[in-house]
Visitor: 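Just dropping this structure here.
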Amino acid sequence: MGTFRTLEDMDLAGKVVLTRIDINVPVENGQVTDATRIDKVAPTILKILEKGGKPVLLAHFGRPKGQPNPEMSLRVTVPALEAALSKTVTFVERPDRAMIDAAPADAVILVENTRFTPMEEANDPQMAGFLASLGDVYCNDAFSAAHRAHASTEGVARLLPSCAGLLMEAELKALDAALGTPNRPVLAVVGGAKVSSKIDLLKNLVSKVDALAIGGGMANTFLAARGYSVGKSLCEHDLTDTAREIERNAKAAGCDILLPMDVVVAKEFAANAPHRTCGLDEVSDAEMILDAGPQTVAILAAALDTANTLVWNGPLGAFELTPFDKATVQAAQAAGARCKKGELIAVAGGGDTVAALNHANAAQDFTHISTAGGAFLEWMEGKPLPGVEALKG
Ligand code: AMP
C-alpha cells in the first residue's frame, strides 16, 4: 500500500486545513434524510480543531455536470453538519483566503459544491492551484471519491503538505489488512449478477488470495464454461473463454476456485417461485439457477472456518427474493460469527454487498464494511486510487 501521512503526523496549529469530505447525503424537501456520512466525518473535523487547525471543508454533491445548480447546493447540509459537530458552520459560495483568515481561529467553513465548475472533474491545475491558495495543509477524508483524479481529490493534494483523515485512514488500514499484508489463508467471496462487470476484479483476486468462491449469476458462466447446462439461468455465454482464462490464472497462482456444487433452481425469477435443489447436471432447459444449494454452503462454511481473512463482494444468489437469499444469509452469518469471536478479519463492500449483509443481519459483525462503492471495487481490481496515491511519499 505504501505509506501515507495521517492527521497524527501533521502540525496543524494555526493552519488552515483544506479537508476533502464525502457528504453526498440523501435529501428530500430540503432536509437531509440520512446523516450517516456527515456523522462519520465529524471526528476528523473535530480532530483538526483539537489540533488548532481551521477546517475548510470541500465536497461534491450530486452530479451538477460542471454548472452551478441551486438544487445541488451544499447549503442544505449545514444544519446536519452543525448538529454533528455541535458548532456553527459558515457556508461560503466563493471562498478567498482573506475571508478564511478573518474567520475566528476555531471556525468551520464549508465551501460550495466543488463540481459547480467543470474544472473540478477535469483536474484543472488552475483550480487545484486556487484551492491550494486557500489553505496550508490538505487532508483527504473522502475514500469514496479517491478513485477519481479531480482537482479537490488529487490535484490539490500534490500542492500542499497532505494527509489522510481518520475515516480514510481506517479504510486504508482495513483494506491493507485484507489484501495488502493479510493474515493468510485469505478467502475471497465474489457473487453478483455478471462476470462482465467483474473481470478485472476476478483477475486481480486470483493472483492475491488463497481461495476464491464464486457465486450468484456470475457462477453460471463458470459452470457453463465447465460444460454444465445452465438452462434459462442468467449466463454470459460469450464470456466462457474469459471464465476459463480466470480458472487457468487461478491454477497457476495456486488459488483454489470454489464453484457451486449444488444449486437451487426455479422456472421464474420471482419471490417464492416453486423451486427445488439439484445437482449441477440436473438443471433442465426450463429452469434457472437462483441460489447455491446446502452442500455448497457447507463447503463455503468449511473454507470460512480455515480462513484467517475474508474479502467479500456481491451476493451468492438472488438475495432480494425469498427463499433465494439462503446461501448469502447463511454464509454471511457464518463469517460474522467467526469475526465476532475474533477468529476472522472480514472486509466487504461494493454494489449490493452492504444491502445483502444487512439483510443477513451480519454487517455489524464484519471487521470493516466499505460504503465506498466505485472506489472499493477499483481497489479490489488492484488499481491505484489517484486520491490515495497523492497522499503518499
Ligand atoms: P452485482 O451488482 O453485480 O453485485 O449483482 C447483484 C445482483 O445479482 C442482485 O440483484 C442479485 O439478485 C443478482 N443475482 C445474484 N445471483 C443471481 C442469479 N443466480 N440469477 C440472477 N440474478 C442473480
Side-chain angles (χ1 to χ4, degrees), residues 188-205 212-226 228-237 239-240 242-243 246 258-280 282-297 300 311-332 347-360 362-363 366 369-381:
V189 172
V190 179
K194 292 183 169 180
V195 173
S196 51
S197 59
K198 294 187 186 170
I199 294 173
D200 289 346
L201 187 152
L202 293 167
K203 284 186 174 167
N204 182 47
L205 286 180
L212 168 64
I214 301 174
M218 68 164 59
N220 302 335
T221 303
F222 283 82
L223 294 177
R226 285 191 181 181
Y228 291 104
S229 164
V230 295
K232 281 201 306 180
S233 301
L234 178 64
C235 179
E236 293 166 292
H237 290 281
L239 286 181
T240 47
T242 304
I246 290 168
L258 307 177
L259 278 176
M261 45 194 308
D262 59 343
V263 288
V264 181
V265 295
K267 288 187 177 156
E268 49 170 344
F269 187 82
N272 302 311
H275 56 277
R276 69 186 182 104
T277 299
C278 66
L280 296 178
E282 292 163 6
V283 181
S284 79
D285 288 350
E287 289 174 320
M288 63 182 89
I289 300 170
L290 291 180
D291 199 13
Q295 282 184 51
T296 307
V297 174
L300 195 48
V311 189
W312 185 324
N313 168 261
L316 297 176
F319 78 100
E320 303 94 333
L321 312 175
T322 0
F324 309 111
D325 57 346
K326 233 182 213 162
T328 304
V329 168
Q330 289 176 349
V347 172
D352 279 347
T353 314
V354 184
L357 298 184
N358 277 329
H359 174 76
F366 273 54
I369 304 270
S370 176
T371 49
F376 182 84
L377 288 176
E378 290 200 20
W379 165 78
M380 275 189 99
E381 289 167 3

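Values in this document were obtained by computation on a predicted structure and should not be read as measured data. In listed order, ligands and their atoms are each counted from 1. These values consider heavy atoms only, across backbone and side chains, with no hydrogens, waters or symmetry-generated copies.
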Visitor: Does Gly351 come within less than 4.0 angstrom of ligand 1, counting non-hydrogen atoms of the residue?
Guide: no
Visitor: What atoms of ligand 1 come closer than 4.0 angstrom to any heavy atom of Phe269?
Guide: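 Near Phe269, meaning under 4.0 Å from one of its heavy atoms, ligand 1 has 21 (C), 22 (N).
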Visitor: So, do Lys267 and Glu287 sit near enough that their side-chain heavy atoms are less than 4.5 Å apart?
Guide: yes
Visitor: Under 4.0 Å, heavy atoms only, figure out whether ligand 1 is touched by the backbone of Met288, its side chain, both or neither.
Guide: neither
Visitor: Would you mind running through ligand 1 and noting each atom that sits below 4.0 Å from a heavy atom of Gly192?
Guide: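 By the 4.0 Å cutoff, the relevant atoms are 1 (P), 3 (O), 4 (O), 5 (O), 6 (C), 8 (O).
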Visitor: Rounded to the nearest 0.5 Å, what separation is found between the CG atom of Leu223 and the CE atom of Met261?
Guide: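 Leu223 CG to Met261 CE: 11.5 Å, rounded to 0.5 Å.
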Visitor: If the cut-off is 4.0 Å to any non-hydrogen atom of Lys198, which atoms of ligand 1 fall inside it?
Guide: 1 (P), 3 (O), 4 (O)
Visitor: Looking only at protein heavy atoms, which one is nearest to atom 14 (N) of ligand 1, and how far off is it?
Guide: Gly317 O, 3.9 Å
Visitor: So which protein heavy atom does atom 6 (C) of ligand 1 come closest to, and at what separation?
Guide: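 Here the nearest protein heavy atom works out to Asp352 OD2, 3.4 Å.
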Visitor: Where on Ile289 is there a heavy atom closer than 4.0 Å to ligand 1, on the side chain, on the backbone, on both, or on neither?
Guide: backbone
Visitor: Between ligand 1 and Met218, can you find any atom pair, the residue atom being a heavy atom, that is separated by under 4.0 Å?
Guide: no
Visitor: Quick one: which ligand 1 atoms are inside 4.0 Å of a heavy atom on Ala193?
Guide: 1 (P), 3 (O), 5 (O), 6 (C), 8 (O)
Visitor: Who's the nearest protein heavy-atom neighbour of atom 17 (C) of ligand 1, and how far?
Guide: Gly217 N, 3.3 Å
Visitor: Output yes when the distance from some N or O of ligand 1 to some N or O of Leu234 is under 3.5 Å, and no in every other case.
Guide: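 No; the residue has no nitrogen or oxygen that sits under 3.5 Å from a nitrogen or oxygen of the ligand.
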Visitor: As an exercise, identify every atom of ligand 1 less than 4.0 angstrom from a heavy atom of Glu320.
Guide: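 Once the distances to Glu320 are compared, the set is 9 (C), 10 (O), 11 (C), 12 (O).
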Visitor: Ignoring hydrogens and angles, tell me if any N or O in the side chain of Ser233 forms a donor-acceptor pair with the backbone of Ile289 under 3.5 Å.
Guide: yes
